[in-house]
Amino acid sequence: MDEFNFSKIEKKWQKRWEKEKTFEVKEDPKKKKFYSLEMFPYPSGSGLHMGHALNYTIGDIFARFKIMNGFNVLHPMGYDALGLPAENAAIKAGTPPQDYTKNSTKSFTSQMKSLGFSYDWSRLLDTSDPGYYRWDQWIFLKMLEAGLAYQKESLVNWCPDCRTVLANEQVHDGKCWRHEGTHVKMKLLKQWFLKITDYADELLDKIDDLDWPEKTKQMQKHWIGKRYGTEIDFLINGKKWPVFTTRPDTVYGVTFVVVSPYHGKLNNLVTKEHRKEVDEFLKKLKSISEKEIVLLEKEGVFTGSYAINPLTKEKVPIYIGNFVVADYGSGMVMAVPAHDQRDYEFAKKYRIKIKIVIDPVDFELNEKNLAEAYVGDGTLVNSGEFNHLENNKAKEVIGEFLTKKDLGRKSVQFRLKDWGISRQRYWGTPIPVIHCEKCGAVPVSEKDLPVKLPREVKFGEGNPLLTNKKWINVVCPKCGGKGHRETDTMDTFANSSWYFLRYCDPKNNKKIFDEKKIQYWSPVDIYIGGAEHACMHLIYSRFYVKFLRDLGLIDFDEPAKRLFHQGLIHGEDGEKMSKSKGNVVDPLLTSKKYGVDSLRFFLVSVASPDKDFDWSEKGIQGSYRFIKKIYHYFEGFKSGENSKELDFNMNEVIREVSEEIENFDYRKATIRLREIFETILKEGKVRKKIAEDFLKLLSPFCPHITEELWEKLGRNDLISISKWPEYTKIQVGKKADEDINKKIIKNVSLVVKKFEDRGDRISKIHLYLVPSDFEEINPEKIKKGIGKEVFAYSVRDKKKHDPEGRSKKARPGMPGIWFE
RNA sequence: GUGGAUGUGCCGGAGUGGUCAAACGGGAAGGACUCAAGAUCCUUUAGCUUAUGCUUACCUAGGUUCGAAUCCUAGCAUCCACACCA
């Protein structure tokens with residue numbers, strides 16, 4: 001018996017796939033395409049981790065399954081190579097990010113190749129390649145033309161560690177998404193924005209059509225956060241200041257107005273007498289991180305100004321409040337302490353008047369027994385001409401009234417904000433704009449793209465691009481005068497927002513991509529990656545696709561039809577894998593120890609791929625044993641006749657495994673494979689067809705040993721591109737036919753016995769069968785089997801005798817029963 | 001607070017109205033082989049017991065049903081995401 005030398009086998013087949021370009025694909029109108037994509041990795045210097053291995057194994061199994069099912073499968077890979085970590089790591093290592101990244105991507109590629117993934121490596125993409133980011137810049141110019149890219153002075157999230165601005169989506173819990181311990185600060189900067197909000201409605205509406213995990217869809221909906229409400233103009237110093245509210249019905253209960261400390265026109269509201277207090281308050285706020293503000297008590301300070309309620313004409317004080325969000329609505333809210341908990345707390349603290357305007361109807365509410373805000377429904381009181389209206393009705397009525405008098409208007413607010421893409425760092429796509437004193441921000445002309453990142457820069461303090469004067473100082477393309485380049489680079493999420501389109505035509509240097517190629521391959525049929533991207537990458541990509549569609553470049557609306565999130569792998573201790581905890585398991589080392597196929601098989605057999613699970617060394621040993629067993633069995637394979645039962649089982653397994661892979665129930669599929677293999681082992685000799693089918697079913701999971709054993713069975717083609725076994729219906733039909741009568745006899749007898757044991761007398765039995773069962777049963781047989789008078793009906797039969805409606809309980813294999 | 005998910009045997013984890021003491025894997029125990037270890041193979045793994053028997057079991061408490069791990073109601077617990085959005 002040969003020693004099971006998995007590493008020799010792996011290399012042998014990986015070489016052959018590469019040599020024969022097994023997984024390279026071209027458009028072929030005669031073949032149905034399938035685009036299978038996994039989120040491309042950020043090529044960190046530490047190489048592939050187990051999470052990558054899981055992600056790509058899940059995708060690879062799917063892609064291989066589709067290939068064997070006759071699809072023309074596009075299964076590409078690339079690198080999201082631009083970004084801060086590479087820059088930081090490069091600085092640390094003292095090498096330019098270009099070199100650092102090249103090393104990383106090289107090692108990623110060789111690692112991925114060694115794991116046997118079925119990628120079309122000829123389409124390899126690298127976002128740090130000017131040939132790629134040139135098209136980032138091109139899209140930017142198109143957005144600029146369309147008015148979707150713009151510059152504005154704004155308060156931004158600033159991470160002191162990254163020394164750059166972060167998008168809202170990159171701030172988690174008031175902290176930087178890359179630095180768990182770093183609080184994000186607010187800073188005022190001139191920034192480039194992409195007007196994703198123009199697409200807010202469509203981004204929201206189309207969510208329902210996506211075959212995506214419900215959770216992710218929910219998160220996106222929440223993130224976009226569409227709210228219907230009313231804008232009410234309060235009068236301050238003779239000027240109209242709009243305030244957004246979802247509760248116009250409570251407008252008579254407004255006793256103060258609160259403005260955000262970050263409101264742009266805050267200074268207009270602060271009177272001389274209150275300047276000092278306000279400044280102190282603002283100063284105090286600055287020293288507190290956003291995270292802490294959330295935990296903080298509602299606090300505020302009086303500005304000295306008053307606002308006039310347009311309906312009551314009452315004058316109410318204006319406060320600055322730490323709980324008001326600056327860039328939602330107008331950054332100013334009307335406060336109704338009787339009917340909003342936050343306002344209530346604030347009013348109590350600063351002893352502001354509380355006025356009840358909604359009467360709960362079923363109990364009495366007065367200022368004295370009010371221990372918290374009453375947010376329920378009721379009828380309006382103290383509301384002038386609107387008294388006695390039901391409050392939900394009042395929302396409408398007051399809204400209309402305000403509109404008619406031009407004191408307000410219906411309004412829709414989104415939580416989603418425009419996407420700030422400016423980053424003050426080096427390793428990103430340069431924003432293709434030249435600033436000119438005369439002409440302002442002038443776009444670089446398309447023919448001058450790409451604006452390449454200069455190698456000659458100094459890293460250290462601030463933005464490295466500022467250190468290359470030669471690169472910065474250029475002539476204005478418009479007037480020929482003095483100009484300087486924009487030194488902000490784009491958020492890396494710009495790079496990843498459309499990469500999946502570029503895979504369809506990765507080397508095109510004339511166009512972003514060829515329309516015909518895009519039309520053939522896109523959109524992505526299955527997209528696999530982490531759930532953490534739900535509100536970042538997965539929203540941005542949707543936005544980009546819609547924009548490119550509106551440019552007329554593509555004719556679909558959504559980047560990916562179907563989405564799947566893999567689970568997280570924890571260390572053996574159940575904790576998240578991390579270097580500091582020392583519980584990291586390296587996929588490469590593991591594959592060297594047990595073989596790639598064992599690793600792949602194990603990764604998808606411990607748990608459903610979308611569930612989190614703990615790494616287990618014992619577990620992978622179990623997978624290894626299984627694979628070894630298979631290897632040894634096939635090595636000495638001798639065909640022979642096998643039982644009918646095995647034929648039947650195999651046929652079932654083909655059906656089940658196919659369905660299970662399609663539904664990402666990989667774990668169940670591996671169980672099926674184990675079971676059927678046990679049966680094969682027990683029988684010893686089986687027909688060659690059975691052996692081949694088994695190897696084919698196993699092939700997406702364990703591509704290397706199945707190639708090897710396929711060869712051992714005397715085949716010289718590749719199993720990886722062989723035809724997936726077919727499931728035959730006839731055979732099962734026969735078998736099921738025999739079963740169904742027995743099954744029904746058994747089940748019904750059981751119930752009959754129970755009834756008779758209780759002392760019930762049964763003379764007649766009425767059975768109500770689902771139509772498919774009804775067609776297959778043999779009533780005589782059942783009658784004999786049960787030994788009573790039996791009447792069988794189809795549930796569809798309108799003339800059936802069914803006084804108690806038992807036919808409703810009928811299910812396949814188990815009829816509804818009624819006794820007489 | 002809001003939204004989502006989950007709760008099954010020693011552990012991981014299937015199942016989803018009758019065939020369920022509950023697949024499969026891991027662990028453990030016993031046995032075979034071996035001088036021995038490893039590998040491999042077989043058996044057992046809720047309790048009483050060895051009977052095609054009973055009892056206790058699928059978070060808890062109720063309910064529906066001839067019958068529930070599976071359906072309904074309430075509660076408890078855990079995990080994740082978002083979180084002062086007016």
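Per chain, numbering begins at 1; letters A, B, ... match sequence-line order.
- Shown here, B/A39 forms no base pair; nothing in the strands shown gives a Watson-Crick or G-U wobble contact with both key distances under 3.5 Å.
- Relative ring orientation between A/Phe626 and A/Phe677 is described as perpendicular, the plane-to-plane angle rising above 60° on a 0-90° scale split at 30° and 60°.
- At whole-Å resolution of the value, NZ in A/Lys629 and C1' in B/C24 are 12 Å apart.
- Residues A/Thr590 and A/Glu617 are not in side-chain contact: their nearest non-hydrogen atoms beyond the backbone lie 4.5 Å or more apart.
- Set against B/C84, B/C24, B/G26, the side chain of A/Arg342 has B/C84 as its closest nucleotide.
- Applying the Watson-Crick and G-U wobble criteria (two distances, each under 3.5 Å), B/C10 pairs with B/G26.
- Atom CD in A/Gln413 sits 10.5 Å away from atom CZ in A/Arg227 (nearest 0.5 Å).
- Nucleotides B/C58 and B/A23 are separated by 16 Å at their P atoms, to the nearest Å.
- Counting any heavy atom pair closer than 4.0 Å across all strands shown, A/Gly619 reaches no nucleic acid atom.
- To the nearest angstrom, P of B/G13 lies 15 Å from CG of A/Asp665.
- Spacing between B/G13 and B/A32 at atom P, rounded to whole Å, works out to 36 Å.
- As rounded to whole Å, 16 Å separates atom C1' of B/A5 from atom NZ of A/Lys217.
- Judged by closest nucleotide on RNA chain B, A/Lys682 is the one of A/Val325 and A/Lys682 placed further toward the 5' end.
- Taking 4.0 angstrom as the limit, A/Lys668 places a side-chain polar atom (N or O) nearer than this to OP1 or OP2 of B/G15.
- Within 6.0 Å of the NZ atom in A/Lys685, the count of heavy atoms belonging to other residues, nucleotides or ligands does not exceed 12.
- Using atom P as the reference point in both B/U19 and B/U73, the two lie 25 Å apart (nearest Å).
- Between B/A22 and B/U45, the two P atoms lie 9 Å apart (nearest whole Å).
- Which of B/C85, B/C24, B/G18 sits closest to the side chain of A/Ile817 comes down to B/G18.
- Note on A/Asp208 versus A/Lys217: no salt bridge recorded, every NZ/NE/NH1/NH2 to OD/OE distance being 4.0 Å or above.
- B/G38 and B/U34 are spaced 10 Å apart, taking the C1' atom of each and rounding to whole Å.
- Across B/C41 and B/A46, the matching C1' atoms stand 27 Å from one another, rounded to whole Å.
- Rounded to an integer number of Å, the gap from CD of A/Gln220 to C1' of B/G3 is 15 Å.
- Whole-Å rounding puts the A/Ile671 CD1 to B/A22 P distance at 17 Å.
- Under the Watson-Crick or G-U wobble criterion, with both distances below 3.5 Å, B/U64 is left unpaired in every strand shown.
- Ring to ring, A/Phe346 and A/Phe256 are close: their centroids are under 6.0 angstrom apart.
- Of the possible donor and acceptor atoms, none in the side chain of A/Tyr594 sits under 3.5 Å from a partner among the backbone N and O of A/Ile620.
- Aromatic ring centroids of A/Tyr633 and A/Tyr631 lie 6.0 Å or more apart.
- Across all strands shown, A/Gln621 has no heavy atoms under 4.0 Å from either base or sugar-phosphate atoms.
- The residue among A/Asp614 and A/Lys618 whose nearest nucleotide of RNA chain B is located toward the 5' end is A/Asp614.
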In 5'-to-3' order, the base (B), backbone-only (S) or no-contact (-) status of each nucleotide in nucleotides 77-82 of chain B, using a 4.0 angstrom heavy-atom cut-off, is ----SS
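- One interatomic measurement links the two molecules: CD of A/Glu617 to P of B/G27, which rounds to 12 Å at whole-angstrom precision.
- Note: A/Trp818 and A/Phe791 fail the aromatic proximity criterion, with ring centroids not under 6.0 Å apart.
- When heavy atoms are screened at a 4.0 angstrom cut-off, A/Arg672 is found touching no nucleic acid atom at all.
- Under the Watson-Crick and G-U wobble criteria, each requiring two contacts below 3.5 Å, nucleotide B/G1 is paired to B/C82.
- Side-chain contact between A/Phe4 and A/Tyr624 is present, with heavy atoms from C-beta onward closer than 4.5 Å.
- Candidate nucleotides B/C84, B/G12, B/G18 were compared by shortest atom distance to the side chain of A/Asn322, and B/C84 ranks first.
- Proximity note for A/Arg227 (side chain, C-beta onward) versus B/C85, B/A23, B/G25: the nearest is B/C85.
- Here the separation of B/U64 from B/U70, taken at their P atoms, is 15 Å to the nearest Å.
- A 3.5 Å limit on both hydrogen-bonding distances identifies B/G47 as the Watson-Crick or G-U partner of B/C54.
- Between B/A86 and B/G67, the distance separating the two P atoms is 50 Å to the nearest Å.
- If you take CD of A/Glu345 and P of B/G1, they are 14 Å apart, rounded to a whole angstrom.
- When heavy atoms are screened at a 4.0 angstrom cut-off, A/Val243 is found touching no nucleic acid atom at all.
- Put simply, OH on A/Tyr624 is 11 Å from P on B/A39, counting in whole angstrom units.
- At a threshold of 4.0 angstrom between heavy atoms, the contacts of A/Thr245 are confined to the sugar-phosphate backbone, with no base atom among them.
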